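Because the structure is predicted, anything quoted here is derived from the model rather than measured. Scope of the values below: all heavy atoms of this structure, side chains included, with no hydrogens, waters or symmetry mates. Below, chain A is the first sequence line, B the second, and so on; all start at residue 1.
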There are 2 protein chains.
Amino acid sequence: MPDTADSGSATLARLRRELARGTAELAVLSILGTGRRYGYDLMKTLQQAGEGVLEIKEGTLYPLLHRLEDAGHITAVWEADGRARPRKYYAITPSGRDHLRLLRTEWSGLVNGMRDLLDALEEEAT
Amino acid sequence: MPDTADSGSATLARLRRELARGTAELAVLSILGTGRRYGYDLMKTLQQAGEGVLEIKEGTLYPLLHRLEDAGHITAVWEADGRARPRKYYAITPSGRDHLRLLRTEWSGLVNGMRDLLDALEEEAT
DNA sequence: CCCGATACCTTGCGCGACAAGGCATCGGGT
DNA sequence: ACCCGATGCCTTGTCGCGCAAGGTATCGGG
């Protein structure tokens, strides 16, 4: 029955999505910075981290991993072990570590910039 | 002569843009939360705030203001004063203040989530 | 025996940021 | 007198991420 009168929460999802834009790359690369992982595992990990604010969907994750691989930031290997359904494990490369450093710098710059702006406005309101 | 071999900084602008996605609305609405402003002034203010990380371009700002106005979050009035070239002043509405609160909540949720993730990964690396 | 979880993938759409363009006014420098 | 940069507003077209929705296949439990 959510038909009309939904204009708030329907917008919330989009708002959240737009705000989080670009953070998927940082989150994924950060996790891979601590060790190799396969895609589905990354997805599940991010679903639980930070109350789900960093959750990314399959349609986002897999293309992202392919972009990172094409850019040379990560490498992929299929691993079957004993299982019939093999997993694709990703590992970060030196270039990927450089990129991760850059991303972290940009992210904290943005966070600090926004914090400074909001703080300045609060002072002003005094 | 920047022709090839530029693949680093050309990407940086896009990266920065994607990360900052959605923050323009928060920044603009925050400023308007402290008093009325006209568009060009908002642009100049954001250019200087936080070493330019929050800078937004004309092609972003004006459509954004129109979206906010359509949504009822801000109102606009042309003001001529004595000048020949009038300015369009924007002021936040009660609905806009609600929206601003929501945006700030979402933003800090994202920032905290990312901080928690990065902290957890650092611990893990111990 | 079927369904949900695991595990990978793709195509098409929505939407914000921007480049690049346009229009008009005003002040200062030459 | 003239031009140019800053002021001040606007629009159209393109780019690229995130996602919904769909597809394929295996495996375990009810």
Original post:
ring pair (Phe, Tyr, Trp, His ring centres under 6.0 Å): which pairs involve residues 16-43 of chain A, sequence neighbours left out?
Top reply: A:Y38-A:Y89
Original post:
More 5' along DNA chain C: A:H66 or A:E18, using each one's nearest nucleotide?
Top reply: A:H66
Subject >> Nucleotide D:dC15, atom C1' - distance to CZ of B:R16 in whole Å >> reply: 19 Å
In a table with atom names and distances, give each donor-acceptor pair under 3.5 Å that connects a side chain of residues 47-55 of chain B to protein atoms at least two apart or in another chain.
none

Subject >> Under the side-chain hydrogen bond (donor to acceptor under 3.5 Å, both in side chains) test, residues paired with A:R16 that sit two or more places apart >> reply: B:E106
**OP:** Could you list all the side chain to side chain donor-acceptor pair (under 3.5 Å) pairs where at least one residue sits in residues 69-80 of chain B, not counting sequence neighbours?
**Re:** B:R36-B:E79, B:H73-B:S95
**OP:** List for me each residue that meets side-chain contact (heavy atoms from CB on, under 4.5 Å) alongside A:E58, sequence neighbours excluded, and say none if there are none.
**Re:** A:M43, A:Y62
**OP:** Would you mind reading off the bend of the helix from C:dC1-D:dG30 to C:dT30-D:dA1 from its two end axes, five pairs each, to 10 degrees?
**Re:** 10°
Original post:
For B:L46 and A:L117, what are the C-alpha separation, side-chain angles and deciding distance, and is it a side chain to side chain contact (heavy atoms under 4.5 Å, CB included)?
Top reply: CA-CA 9 Å; B:L46 288 174; A:L117 176 68; 4.2 Å; yes
Original post:
What residues in residues 29-48 of chain A put a non-hydrogen atom under 4.0 Å from any atom of DNA chain C?
Top reply: A:Y38, A:G39, A:Y40, A:K44
**OP:** Any chance you could list the contact pattern along nucleotides 18-30 of chain D? Use B for base contacts, S for sugar-phosphate-only contacts and - for none, protein heavy atoms under 4.0 Å, 5' to 3'.
**Re:** SBB-----SS---
Original post:
Taking only residues two or more places apart in sequence, or in another chain, which ones meet A:R87 in a salt bridge (Lys or Arg N to Asp or Glu O under 4.0 Å)?
Top reply: none
Subject >> Partners passing side-chain hydrogen bond (donor to acceptor under 3.5 Å, both in side chains) against A:D116 (at least two apart in sequence or in another chain) >> reply: none
Original post:
Where does the chain A footprint on DNA chain C start and end, counting 5' to 3' with a 4.0 Å heavy-atom cut-off?
Top reply: C:dT6 to C:dG16
**OP:** Can you run down the ring pair (Phe, Tyr, Trp, His ring centres under 6.0 Å) pairs that involve residues 107-126 of chain B, sequence neighbours left out, and say none if there aren't any?
**Re:** A:W107-B:W107
